[in-house]
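Below, chain A is the first sequence line, B the second, and so on; all start at residue 1. Predicted model only: the values in this text are computed from it and were never measured.
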Amino acid sequence: MTQAPKLTLFNSLSRSKEAFTPLHAGKVGMYVCGVTVYDYCHVGHARVMVVFDVIYRWLMQLGFDVDYVRNFTDVDDKIIKRAAERGVSIDELTGAMIEAFHADADALGCLRPTHEPRATGHMHAMIAMIESLIARNYAYVSDSGDVLYAVRRFAGYGQLSGKNIDELESGSRVDVDEQKRDPLDFVLWKMAKKGEPAWASPWGEGRPGWHIECSAMSCGHLGESFDIHGGGMDLKFPHHENEIAQAQAANGGKFARYWLHNGFVNINAEKMSKSLGNFFTIREVTERYHPETLRMFMLGTHYRSPLDFSDAALDVAKTGLDRLYETKKRVGASVWYEIKDRSQVVPEGFAAAMNDDFNTPEALAELFEVSRQLNRALDAGEAAAGLTDAMIAMSDLLGVLQQEADAWFQSGDVDSVRIEAHIEARKQARKDRDFTRADAIRDELAAEGIVLEDGPSGTSWKKV
RNA sequence: GGCAGGGUGGCUCAGUGGUACGGCGGAGGACUGCAAAUCCUUUAUUCGCGAGUUCGAUUCUCGCCCCUGCCUCCA
């Protein structure tokens, strides 16, 4: 049914929805800016992971062969500083943080990108690009030896963020740096001070500026021109703007064709960020909520809209997931995984929602609707294999309902043997029609957060 | 100040030129010994405010108010 994919997506470059057509038929090259690995990821990072994971899954569902590249910035001032503070080596710090990143991403149910390049592994490509920029007069070596990009040389500067160079200058929040010919110029290669990590280059020992790595690695993996480039809204300027300036000046090509930017995670209507200190790490949150609940919470809002983070919102996400898991439980673990060709069973409405700029709230509405229909069929004693297939397909595409229903409801430190014993005792009491005693047992368990459900096939329990 | 994106029921979140999706919550009902779960019904004469275009606007245009973000590192 997903024949003739009519995928439409909002391109930040044109600030409008556009029909998606890949550069090479049947293939999609997608680059997403990852993280600087000097600390644990917070919920804002989680959103990027989840948003582009869903996009990745949907592109594959549409039949595209997707090359999904997400980088790790593993050389940077903040990393150097943090490593020094902790008295560990740069490699130890970045290695540990990359490991933590993967653990978080895995917990959130995100598929691994096809490539996860590290900046330190692509020095040659970056140096080559800088050389090209110098050769074409888009870059210069300053008095201090740093290599800088001459922003005014690039005619299209500001096209992505809608900025006007002259207004940027007058904004004057840009540091006035004596070595810069123009305040807007940014560093491509930074000379190393003693003790700092350094790589050999035609300009001396040093390290790359932040922006050059993404231009070099995206082009390196996907070609000078590729389909999708994504990241958080805050990367639009200056990072993505600079990426465009670098890549297009160096290659002369088009660079990324579609730019996707996800909205922020807010707390009390304020952006969650390191500098404001109002952030929660993914691991802090997942100690209190299942990671899938966090994922569900993110799916409930369109990826470009701001997302307000709060326990109340997570509670709502959990309640919704509980509903869906209740259906999964009724269907039964044995038949849940017997899914046929997914493309044959994804409901029209779901596909339409996803094809409309990855509208997950709308897609979720379809999932809830099918869940309801399935419950109705189950109530009527029907098998409803088609509805089950549809529900499995949709939940797999969104990356939810990935746990066993029993595990979902019975997680935590509970003594299931003891609970089963109580249930047996209550069963006998009910059989004897001693409801006072039966209710007492139920109340006792309820006090511990264990809820009993009497169904046609016996009594089951769940932890709330 | 410049630029961008928003203001939809108690909360949350979609959406459309012809009176509004889903979730949470509330109310009533079915089921149940009673519950829980599930299902059914119901819960915005209304989509920030004021004009305009139109047969008709929440959806298009203009103005205003308010919120957030970017303009420096930031997902």
Side-chain angles (χ1 to χ4, degrees), chain A residues 12 15 32-36 41-52 76-78 158 161-164 166-175 184 186 210 230-239 241 261-266 269-276 279 296-297 299-302 304-308 310 312-313 315-324 326-327 329-330 349 353 356 359-369 371-380 409 430 433-436 438-439 442-443 446 451-456 459-462 464:
Chain A
S12 299
R15 291 176 201 89
V32 175
C33 288
V35 296
T36 300
C41 291
H42 59 64
V43 179
H45 301 112
R47 191 173 192 192
V48 188
M49 297 180 204
V50 171
V51 162
F52 286 97
D76 161 272
D77 290 354
K78 288 192 286 284
S161 53
K163 308 244 179 253
N164 176 296
D166 297 315
E167 284 168 357
L168 279 173
E169 298 255 12
S170 62
S172 78
R173 277 175 79 182
V174 184
D175 279 345
L184 257 31
F186 58 90
W210 174 39
M233 209 78 96
D234 46 1
L235 259 33
K236 222 164 159 182
F237 187 91
H239 186 55
E241 198 70 71
H261 295 280
N262 64 275
F264 300 125
V265 174
N266 296 155
E270 250 187 352
K271 177 188 172 187
M272 178 185 287
S273 72
K274 298 258 174 170
S275 45
L276 287 172
F279 63 90
M296 182 71 171
F297 159 67
L299 263 22
T301 300
H302 185 86
R304 283 191 284 115
S305 299
L307 178 59
D308 248 317
S310 69
D315 289 338
V316 168
K318 166 154 192 331
T319 309
L321 263 185
D322 282 346
R323 256 270 300 281
L324 298 172
E326 204 72 54
T327 306
K329 183 174 155 189
R330 295 184 70 187
D356 183 15
N359 191 335
T360 54
E362 194 64 41
L364 228 33
E366 187 70 24
L367 179 58
F368 275 105
E369 176 56 29
S371 173
R372 173 180 295 105
Q373 288 173 13
L374 185 50
N375 279 136
R376 198 184 298 154
L378 259 22
D379 283 348
F409 287 120
R430 292 180 74 209
R433 303 199 64 78
D434 181 357
F435 296 121
T436 308
D439 290 351
R442 186 170 62 194
D443 291 346
V451 174
L452 299 188
E453 297 178 351
D454 299 328
T459 299
S460 65
W461 63 274
K462 66 182 182 187
V464 292

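Ranked by how close their nearest RNA chain B nucleotide is to the 5' end, A:Thr319 and A:Arg330 are led by A:Thr319. Nearer to the 5' terminus of RNA chain B, by closest-nucleotide assignment, is the contact made by A:Ala438 (compared with the other of A:Arg47 and A:Ala438).
Residue A:Phe368 is classed as a sugar-phosphate contact, given heavy-atom separations below 4.0 Å to backbone atoms only. Looking at heavy-atom distances under 4.0 Å, A:Gly231 makes contact with sugar-phosphate atoms alone, never a base. Residue contacts for A:Lys78: at a heavy-atom cut-off of 4.0 Å it reaches the sugar-phosphate backbone alone, with no base atom in range. Heavy atoms of A:His302 sit under 4.0 angstrom from primed sugar atoms or phosphate atoms, though from no base atom. Looking at heavy-atom distances under 4.0 Å, A:Ser161 makes contact with sugar-phosphate atoms alone, never a base. Within 4.0 Å (heavy atoms only), A:Glu326 reaches sugar-phosphate atoms of the nucleic acid but no base atom. Counting non-hydrogen atoms under 4.0 angstrom, A:Asp76 reaches nothing in the nucleic acid. A:Leu452 comes within contact range of at least one nucleobase, with a heavy-atom separation under 4.0 Å. A:Val265 comes within 4.0 angstrom of a nucleotide base, judged by non-hydrogen atoms across all strands. Note on A:Gly263: a base of the nucleic acid sits closer than 4.0 angstrom, heavy atoms only. Using a 4.0 Å heavy-atom distance criterion, A:Phe237 is classed as a sugar-phosphate-only contact.
Taking only distance into account, the side chain of A:Lys163 meets the base of B:C70 through a donor-acceptor pair shorter than 3.5 Å. In this model, a side-chain donor or acceptor of A:Asp439 finds a partner on the base of B:G33 within 3.5 Å. Looking at A:Asp454, its side chain comes within 3.5 Å of the base of B:C34 through a donor and an acceptor atom. Counting distance only, with no hydrogens placed and no angle test, the side-chain atoms of A:Arg442 and the base atoms of B:A35 include a donor-acceptor pair under 3.5 Å. The base of B:G33 sits with one of its N or O atoms less than 3.5 Å from a complementary donor or acceptor on the side chain of A:Arg430.
Proximity of A:Val35 to A:Met49: side-chain heavy atoms (C-beta onward) are nowhere separated by under 4.5 Å. Residues A:Phe368 and A:Leu324 are in side-chain contact: their nearest non-hydrogen atoms beyond the backbone lie under 4.5 Å apart. The shortest distance between side-chain heavy atoms of A:Glu326 and A:Glu453 falls below 4.5 Å. Under the 4.5 Å side-chain criterion, counting only non-hydrogen atoms from C-beta, A:Phe279 is not in contact with A:Val265. A heavy-atom distance below 4.5 Å is not found between the side chains of A:Met272 and A:Leu307. Taking the side chain as every heavy atom from C-beta outward, A:Met296 and A:Leu364 approach each other to under 4.5 Å.
Side-chain N/O atoms of A:Ser305 include one lying less than 4.0 angstrom from OP1 or OP2 on B:A14. Listed pair A:Arg15 / B:A4 fails the phosphate criterion, with no side-chain N or O lying under 4.0 Å from OP1 or OP2. In terms of phosphate contacts, A:Asn375 brings no side-chain nitrogen or oxygen within less than 4.0 Å of OP1 or OP2 of B:A37. Within the structure, every side-chain polar atom (N or O) of A:Arg304 is placed at least 4.0 Å from both OP1 and OP2 of B:G6. Distances shorter than 4.0 Å separate some side-chain N or O of A:Arg372 from OP1 or OP2 on B:C40. The side chain of A:Lys271 contributes no N or O atom lying less than 4.0 Å from OP1 or OP2 of B:A75.
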Yes or no on salt bridge (Lys or Arg N to Asp or Glu O under 4.0 Å) for A:Asp439 and A:Arg442, after CA distance, side-chain angles and deciding distance?
CA-CA 5 Å; A:Asp439 290 351; A:Arg442 186 170 62 194; 3.4 Å; yes
Could you please spell out the steps behind the salt bridge (Lys or Arg N to Asp or Glu O under 4.0 Å) verdict for A:Lys462 and A:Asp322?
CA-CA 10 Å; A:Lys462 66 182 182 187; A:Asp322 282 346; 6.0 Å; no
Determine which bases of RNA chain B form Watson-Crick or G-U wobble pairs with both distances under 3.5 Å, and write the result as a 5' to 3' dot-bracket string with | for other-strand partners.
(((((((..(((.........)))((((((.......))))))....(((((.......))))))))))))....
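The OG1 atom of A:Thr459 sits 4.0 Å away from atom CG of A:Asp454, with the distance rounded to the nearest 0.5 Å.
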